2 protein chains.
Amino acid sequence: MRIILIFLFEFFYYTLIMGKSSKQILSEHNVSITNPRILVLEVLLDNKGPVTVDELQNVLNNKVAKSTLYRVLNDLKKINLLHEFTSPENTTVVELILEDRAHHHHLFCSDCGEVIDVELSNKFEDFLAAEIKKIEKKFNFKISDHRVEMFGQCTDQCKNCTTDS
Amino acid sequence: MRIILIFLFEFFYYTLIMGKSSKQILSEHNVSITNPRILVLEVLLDNKGPVTVDELQNVLNNKVAKSTLYRVLNDLKKINLLHEFTSPENTTVVELILEDRAHHHHLFCSDCGEVIDVELSNKFEDFLAAEIKKIEKKFNFKISDHRVEMFGQCTDQCKNCTTDS
DNA sequence: AGCATAAATGAGAATAATTCTCATTTTTTT
DNA sequence: AAAAAAATGAGAATTATTCTCATTTATGCT
């Protein structure tokens, strides 16, 4: 009985409160469950939102070899769990693609290098979708994705711009 | 008299038909006029639009040392003549910023790697400007620039997608 | 025009980010 | 629990970019 309760607790905790565990996510995508993958995924799940490869390397220092870190990131890209992009300062930024997260864009601070997720209004997204249809016709393209990038400076003390508002 | 006519021809040819010459552009920005700078600028003026650093290197092979090419590109960035960005395949792309060119965005083909300049409607740009104002307030940011990136595949034979339509 | 000074260049070494290699370890399959 | 397959760590290799420094080129001055 006690074991059942613990199991239930884990179930609720991970799936409802915390979201999926790294192990769950890995097994759902048919990739073998290994320590480096769990560790990397956990860091990414903690910092939902954009993370620098450099930051990952620092956090995982001594726990995951750097070659393995890159391999794991490529694995996650292959199963469409990870989105990778480059900041204007040329640092590689990485972000989990979670089903429950809305489509969003990025705001880059040239002072502190911070990258912030930004959602734009539905009305705007509809308008952009219409523009994209026109572009597809004009250039005979099949456009599968888009992203709006905004560049500027946070006027607050840096690092404060990450706190939600 | 003949000399004056030739001068006039040159003037009209370069400023009205061809746009400014590389030398003119350089002297207007107070950078010394050197061969490598002229050569790089000329290639960029020919291919108005996005060019890969790789392509530049190939075209200028043996004419400009690779260290110099990078230096010249950095010089042009410093005087705000050059916009540099990264394709999803992680190649560095470079594009002249010409006063007579409209604000535009980029369309990337994942098949042939081509990058295409795209203008979106004024109505769309106005809408986006309004969204950006909201974002500036929300995140206490000063946003100085933005770019819409579109990703997909040209359904034509590759390389054809560069021809205007 | 010609000289002195400052700036730019070429060639290749140095650096940084990412990928690759391969012997060992871990995970999965049976 | 053993065999087969896959993943890992450590460091070498690769690639793009920057740096160094001796030489060349451009600019300002007379």
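Since the model is a prediction, treat every value here as computed from it, not as a measurement. Every chain is numbered from 1 and lettered A, B, ... according to where its sequence line falls, protein lines coming before strand lines.
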Checklist entry - Given that B:Y70 and B:I33 both sit by DNA chain D, which one's nearest nucleotide is further toward the 5' end? => result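 Looking at DNA chain D, the more 5' nearest nucleotide goes with B:Y70.
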Item to check | Residue whose nearest DNA chain D nucleotide is more 5′ - A:T34 or B:V31 | outcome: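 It is A:T34 whose nearest nucleotide is closer to the 5' end.
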Next on the checklist: Is it the case that the base of D:dA10 and the side chain of A:S67 share a donor-acceptor contact (distance under 3.5 Å, atom types as modelled)?
Outcome noted: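 Yes.
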Checklist entry - Quick one: does B:S21's side chain have a donor or acceptor within less than 3.5 Å of a partner on B:Q24's backbone? => result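 Here the side-chain-to-backbone pair exists.
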Checklist entry - Does B:E131 use its side chain to pair, donor to acceptor, with the backbone of A:S121 at less than 3.5 Å? => result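 Yes; judged by distance alone, with no hydrogens or angles, the pair exists.
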Checklist entry - Hey, quick one: are A:I97 and A:V93 part of the same hydrophobic cluster, counting side-chain heavy atoms closer than 4.5 Å, chains of contacts allowed? => result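 No.
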Taking only the side-chain nitrogens and oxygens of [X], find out if one of them lies under 4.0 Å from OP1 or OP2 of [N].
X     : N      : result
A:T92 : C:dT18 : yes
A:R37 : D:dA7  : yes
B:T68 : C:dG10 : yes
B:N74 : D:dT18 : yes

For [X] and [N], what is the distance between atoms [atom1] and [atom2] respectively, to the nearest whole Å?
X     : N      : atom1 : atom2 : result
B:L73 : D:dT18 : CG    : P     : 9 Å
A:K63 : D:dT8  : NZ    : P     : 16 Å
B:N90 : C:dA17 : CG    : P     : 13 Å
A:K77 : C:dT18 : NZ    : P     : 9 Å
A:L69 : C:dT19 : CG    : P     : 11 Å
B:K66 : D:dT18 : NZ    : P     : 11 Å
A:I38 : C:dT26 : CD1   : C1'   : 12 Å
B:L39 : C:dA8  : CG    : C1'   : 14 Å

Item to check | Along DNA chain C (nearest heavy atom to each residue), the more 5'-positioned of A:N35 and B:R71 | outcome: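 Final value for this comparison: B:R71.
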Checklist entry - Hey, mind stepping through A:R101 and A:E95 against side-chain contact (heavy atoms from CB on, under 4.5 Å) and telling me if it holds? => result CA-CA 11 Å; A:R101 287 228 43 199; A:E95 181 172 52; 4.0 Å; yes
Checklist entry - Taking the six-membered ring for Trp, are B:F108 and B:F151 parallel (under 30°), tilted (30 to 60°) or perpendicular (over 60°)? => result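 If you compare the ring of B:F108 with that of B:F151, the planes turn out parallel.
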Checklist entry - From the list D:dA7, D:dT8, C:dA8, which nucleotide is the closest neighbour of the side chain of B:S32? => result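 The answer is C:dA8.
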